[in-house]
Asker: 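Got a structure here, written out as structure tokens. Questions coming.
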Number of protein chains: 2
Amino acid sequence: MAQRARPRLVDVAQAAGVSIAAASRALSGAAGVSEEIAQRVREVAAELGYVANVHARTLAGGTSTGVGLLVHEIGDPYFTEIASGVLRVAAQRGLTVQIGHTGRDPDAELLQVRSLIANRVRAIVISGSGFVEARVQAPVKRELQDFQAAGGRVAVIGRHHLGTDAVLPDNLAGGRSITEHVLSLGHRRIAFAAGPVALTTVADRLAGAEEALRAAGSRLAELPVIEEAFTRDGGTRATLRILDEHPRTTAVIALNDDMAIGALAALRSRGVAVPREMSVAGFDDVAVAEHLSPALTTVRLPMTGMGEQALLLALKEPSVRPRRRTTGHRLVVRDSTAAPRSS
Amino acid sequence: MAQRARPRLVDVAQAAGVSIAAASRALSGAAGVSEEIAQRVREVAAELGYVANVHARTLAGGTSTGVGLLVHEIGDPYFTEIASGVLRVAAQRGLTVQIGHTGRDPDAELLQVRSLIANRVRAIVISGSGFVEARVQAPVKRELQDFQAAGGRVAVIGRHHLGTDAVLPDNLAGGRSITEHVLSLGHRRIAFAAGPVALTTVADRLAGAEEALRAAGSRLAELPVIEEAFTRDGGTRATLRILDEHPRTTAVIALNDDMAIGALAALRSRGVAVPREMSVAGFDDVAVAEHLSPALTTVRLPMTGMGEQALLLALKEPSVRPRRRTTGHRLVVRDSTAAPRSS
DNA sequence: CTGAAAGCGCTAACAA
DNA sequence: TTGTTAGCGCTTTCAG
């Protein structure tokens, strides 16, 4: 345990025989030093293995190089891809990213936001659905507002109602597209494997489905919408319930790919052939969707791009009114959907 | 832009009518304040929306609450699961995690390590294979050594040669197991879809395969080992080459699941039935492996647990000699492997 | 138990 | 161009 302390700026300055101010300027690339001194300081610093203390720098300079990223759960492929986009932009801007799980729990989210604020990050990106009910996220909203009032920047992905810049996935139109697709194949006894309708993402996708259904002379209220967790396991449970409670169903529309994967597992376990006996559709087009068994029909959302966009938005100068960027979507028809068996 | 500054400790102290020292003690839960004052300070702080500045705190106290996590690419499901484990442990300990991509590039890795050190994180977890050739990672090693000498902690996942605590996945034994499995099905014309053999992970898994092959009276040198990127696309390219250059092959062993997914895609595109015409095996058992088409035979590694273990190790008191934790592995036989067609 | 004051390592005026 | 110095917001001796 040498506990040998790391060299500080003074050490570098001393070793280079210049003032600490000169050393600071040389290392941070600021103007006002002769190239000669700058050169020498850099060499000495490298020799000593000097690495500036970010905390001291941030405290003195007032500007942080950190950004925050909050996801529901990094293991969920939807968030994984978003995170990947955020990391890419951050790296290329020389920013550092602090990441945290929210678990779709408003309390955990509040804690994480506080932690980011405590770290004085320059910008916060929050991804993942919010709640239809504005009240549950009021504390976070207030915290974010204060953060912004103090000069912080915020961008959210897939949320409204937070009064911040936002990247909005095409949930409504996507919900319409996938439902139209299933209807066009001839399905009428459709069931939805949904996450909690309290989530805006779920609500929006269902709203899109409703539009498609009405156009076809049907209504969402006439069909089973099974609410379970917005996860793989939730998809499995929802599908098992559909099989048991609505045995004549010919198509399951899962409200995200993760649920669709769970749905496929449930159908396999019950020996139901997809798409011959049951069609399955997902939403998001996560990277593995095309490699599933069978390859999943779904709606593609540009997740990585959404992550990039969000951080880029958050890094821009704030505008008077919150900005909104809506993404496109694309229906991707693969092998998991087909016409119902003529019964 | 109000640019209204956030309240500081002085503001809280003033509002509560106590000294800044007392306020500090009250908020950080230190001893030496009457419960009465502590109570009052906490109330005032909450009212004002006070959030302590981590930079100031770290600078003054000398102890950071941040930890660093470096992954090759968060989009790779192997790292995703590791990250999930790390985030879980961090959250439960009230630690903050800074994450970065290394892209399996030693230079990028060095930059990321420097960034973590600059942020004075308490511990660094580096996941992802190192290089067989020790020389390429010498600079990182030196940096980590200095970091540790200054009291920092480091743990790596799936690397040797770094002189730090390590969590070592069961690559050798796993490589043996999966190869034994394929051999036991009767395959002899086996090909390997490998990542760069310069990676220790690849080298170790191949060494395990060699053991199994020798026990069966064969040798690795007699079989095609196709080196491509250790990714999905790499798996696709390797498999296409196997199909073209070694057309009599009856089984492909991919050295990770991501490559196996690419292999399945390649075979599908060429109309080769799995496992009837070609068996495919993977390695890792990422979450989607069981949902692939067909479900993938692979070797399970406890990735999430590895992430947890690594951070836990890094948070422990350092020992004189680097600690090593080896994981187990489990052969998971699913539908992608079968006996070769009797030709 | 409480408060005054000395830094933590760095940046950014300000002088020279 | 250079160097001096006053903080940045907090923790932590050290007196009281």
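Here is how names work: the chains are called A, B, and so on, in the same order as the sequence lines, proteins then strands, and each is numbered from 1. Excluded from the calculations below are hydrogen atoms, water molecules and symmetry mates; all remaining heavy atoms, backbone and side chain alike, are included.
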Asker: At what angle, to 10 degrees, do the two end axes of the helix from dC1(C)-dG16(D) to dA16(C)-dT1(D) meet, given five pairs define each axis?
Answerer: 40°
Asker: Any residue in residues 34-48 of chain B with a heavy atom nearer than 4.0 angstrom to DNA chain D? Just list them by number, or reply none.
Answerer: none
Asker: May I ask you to test the Leu144(A)-Ile126(A) pair for a side-chain heavy-atom distance under 4.5 Å?
Answerer: yes
Asker: With a 4.5 Å limit on heavy-atom distance, are the side chains of Arg93(A) and Leu311(A) in contact?
Answerer: no
Asker: Do the side chains of Val67(A) and Val125(A) get nearer than 4.5 Å, heavy atoms only?
Answerer: no
Asker: Assign a letter to each nucleotide of nucleotides 9-16 of chain C from its 5' end: B, base within under 4.0 Å of a protein heavy atom; S, sugar-phosphate only; -, no contact.
Answerer: BBBBB---
Asker: Decide yes or no for Ile117(A) and Arg6(B): does some side-chain heavy atom of the first lie under 4.5 Å from some side-chain heavy atom of the second?
Answerer: yes
Asker: Any side chain to side chain donor-acceptor pair (under 3.5 Å) involving residues 66-80 of chain B? Give me the pairs, sequence neighbours left out, ordered by first then second residue.
Answerer: Ser84(A)-Glu73(B), His72(B)-Arg104(B)
Asker: Run through Arg324(A), Gln148(A), Arg153(A) and flag the one making a side chain to side chain donor-acceptor pair (under 3.5 Å) with Asp165(A).
Answerer: Arg153(A)
Asker: Should Phe131(A) and Leu199(A) count as side-chain neighbours, where that means a heavy-atom distance under 4.5 Å?
Answerer: yes
Asker: Is the shortest side-chain heavy-atom distance between Leu70(A) and Leu116(A) below 4.5 Å?
Answerer: yes
Asker: Can you list every salt bridge (Lys or Arg N to Asp or Glu O under 4.0 Å) pair that touches residues 122-134 of chain B, not counting sequence neighbours?
Answerer: Glu133(B)-Arg135(B)
Asker: I need the full list of side chain to side chain donor-acceptor pair (under 3.5 Å) pairs touching residues 57-68 of chain B, with sequence neighbours left out, sorted by first then second residue.
Answerer: none
Asker: Mind checking if Gly62(B) touches a base, just sugar-phosphate, or nothing, with heavy atoms under 4.0 Å?
Answerer: nothing
